[in-house]
2 protein chains.
Amino acid sequence: MSDSPSEPTTILGQLRWIAWAQRKAGEDWIRERELSHEQSFALGYLTQHPGTIQRELARVTRTSAASVSSLLQGLERRGLVERRTDPENERRKLVYATEAGSQLVAGFDTALVGIEDELLAPLDPAERAALHALLARITAQLPQPTRD
Amino acid sequence: MSDSPSEPTTILGQLRWIAWAQRKAGEDWIRERELSHEQSFALGYLTQHPGTIQRELARVTRTSAASVSSLLQGLERRGLVERRTDPENERRKLVYATEAGSQLVAGFDTALVGIEDELLAPLDPAERAALHALLARITAQLPQPTRD
DNA sequence: GGTTGACAGTTAGTCATCTAACACTTAGTC
DNA sequence: GACTAAGTGTTAGATGACTAACTGTCAACC
C-alpha cells in the first residue's frame with residue numbers, strides 16, 4: 001500500500017478535505033456577522049423552517065441536544081431567535097428566527113451556493129450530476145440523523 | 001429553490017454528511033484506546049512517516065500549530081510519541097511514534113480501510129474509481145494545506 | 001558582525017462542544 | 001389515579017481547538 005487511507009489519495013480523505021475547504025471558505029462571511037459556523041447554519045435553517053423544535057435542529061446539524069441548547073442561548077441573548085413552548089406539547093420548544101435574525105443571515109444560502117459553485121467549478125453540469133448521484137448512493141445507507 | 005444548500009440534497013451537504021458518518025464510525029475504535037480523533041490520526045501518520053516535523057503535522061491534519069503542540073503533549077505524556085530537536089535546524093522538532101505508540105495504533109489504517117469499505121459498499125470498483133476521479137478534480141484546485 | 005524578517009514551536013486565555021446527570025412533560029398500563 | 005417509560009430540554013464539568021502574543025532559531029543583507 002503506497003498511501004495511508006488517512007491521506008487525500010483516498011476517497012474519504014478527499015471528502016474530509018473538501019468539507020474542510022468549504023468550512024474555511026465560509027469563514028469570512030460568517031465572521032463578519034460575529035457568528036459561529038453552527039450558529040449561522042442554525043439561523044439559516046430556521047429562516048427556512050420556522051418553528052423547528054430543538055431536537056430536530058440537533059438532527060439536521062448532526063450534533064447533540066445540549067449543543068443546540070447552548071447554541072440557541074447565544075442566539076436568543078442577541079435577539080436573533082425566539083423560543084416558544086409548544087402549547088400542544090409542553091416538552092417541545094418551537095424556535096423562530098426573529099426579524100433581526102432573518103436580516104442578519106439574509107443571503108446566507110446564496111453565499112453557500114456561491115461557495116459550492118466555486119468548489120465545484122472544475123466540474124461541468126453533467127459531472128456534477130454524476131457526482132451527486134454517486135454520493136446519494138452512499139448517503140442513502142447512512143445512519144439516521146436525518147430530517148423527517 | 002426547493003432546498004437549502006445546507007441540506008443533504010446538495011453535494012456539499014452530502015460530503016459533510018459522509019465525513020461525519022466516517023467520524024462516528026471510527027469513534028468506537030478510537031475510544032477503546034482512549035485517544036481523540038486527531039490523536040489517532042496523528043499517531044497513525046507518525047508510524048508511517050517517522051520524523052515528521054510538527055508544522056507538517058499541522059498541514060496534513062489541516063489544523064493549527066498550537067493544536068498540534070498540545071495534542072503532542074498529550075501523546076508524549078503517555079509515552080506514545082517522542083520529540084527530538086532536529087540537530088540540523090534547532091527550530092524544528094522531529095516527532096516519532098514510540099514502540100508503545102506504534103503498537104497502540106497498530107491496525108489503525110486497516111480499521112480506516114474497513115470503515116471506508118463499509119461506507120463505499122454501495123459502489124462497485126468502477127464507480128469508486130469514477131468518484132475518486134471526480135473528487136480529485138475538485139481537490140486539485142483547493143487551497144494548500146498539502147503535504148510536501 | 002549586527003540587524004531585520006521569516007520560520008518553528010509554546011503558552012495563556014477564550015470559546016464551543018461533548019458527556020453525564022438532572023427536571024419536566026407526555027403517554028401507556030395496571 | 002399512580003407507576004413506569006420514553007421524549008424534550010437544561011445544567012455542570014471536562015475536553016479540545018483556536019487566536020494572539022511570546023520565545024528562540026535561522027538566513028539574508030548591509
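Just so we're on the same page: letters track the sequence lines, and every chain starts at 1. Quantities reported herein were computed from a predicted structural model and do not represent experimental measurements.
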Only counting residues at least two apart or in another chain, list the ones meeting salt bridge (Lys or Arg N to Asp or Glu O under 4.0 Å) with A:Arg128. A:Asp117
Measure CZ/B:Arg62 against P/D:dA17 and give the value in whole Å, please. 15 Å
Using a cut-off of 4.0 Å on non-hydrogen atoms, how would the nucleic acid contact of A:Arg92 be classed: base, sugar-phosphate, or nothing? sugar-phosphate
Looking at D:dG9, I'd like to know if its phosphate oxygens (OP1 or OP2) sit under 4.0 Å from a side-chain N or O belonging to A:Gln73. no
Could you work out, with side chain to side chain contact (heavy atoms under 4.5 Å, CB included) as the rule, every residue matching A:Glu118, not counting sequence neighbours? none
Grab the CG-C1' distance between A:Leu94 and D:dG9 for me, whole Å please. 13 Å
If I take atom CG in residue A:Leu72 and atom P in nucleotide D:dT8, what distance separates them, rounded to the nearest angstrom? 15 Å
Are any protein N/O atoms closer than 3.5 Å to N/O atoms in nucleotides 23-29 of chain D? If there are, list each pair with its distance.
residue: D:dC26; atom: OP1; partner: B:Glu90; partner atom: N; Å: 2.9

List for me each residue that meets side chain to side chain donor-acceptor pair (under 3.5 Å) alongside A:Ser64, sequence neighbours excluded, and say none if there are none. A:Ser67
For B:Gln103, what residues pass the side chain to side chain donor-acceptor pair (under 3.5 Å) criterion, not counting sequence neighbours? B:Glu99
Nearest nucleotide by nearest heavy atom, which residue falls closer to the 5' end of DNA chain D, A:Ile53 or A:Arg31? A:Ile53
By salt bridge (Lys or Arg N to Asp or Glu O under 4.0 Å) - contacts of B:Asp86 (at least two apart): none
Respond yes when some side-chain nitrogen or oxygen of A:Arg55 is under 4.0 Å from OP1 or OP2 of C:dT25, and no when none is. no
Can you tell me the distance, in whole Å, between the CZ atom of A:Arg83 and the C1' atom of D:dT8? 12 Å
With a 3.5 Å cut-off and sequence neighbours excluded, list the donor-acceptor pairs that the side chains of residues 27-35 of chain B form with protein atoms.
residue: B:Arg33; atom: NE; partner: B:Leu104; partner atom: O; Å: 3.2
residue: B:Arg33; atom: NH1; partner: B:Trp29; partner atom: O; Å: 2.8

Distance check needed: D:dG9 C1' versus A:Leu75 CG, whole Å only. 16 Å
Report the residue from B:Leu46, B:Val60, B:Leu94 that forms a side-chain contact (heavy atoms from CB on, under 4.5 Å) with B:Thr52. B:Leu46
Length of the line joining A:Glu56:CD and D:dG9:C1', which is rounded to integer Å: 15 Å
Which value, rounded to the nearest 0.5 Å, describes the distance between A:Glu116 atom CD and A:Ile18 atom CD1? 11.0 Å
Check salt bridge (Lys or Arg N to Asp or Glu O under 4.0 Å) between B:Arg55 and all other residues, then give those that pass, not counting sequence neighbours. none
Every protein N/O within reach of nucleotides 12-17 of chain C N/O, cut-off under 3.5 Å:
none

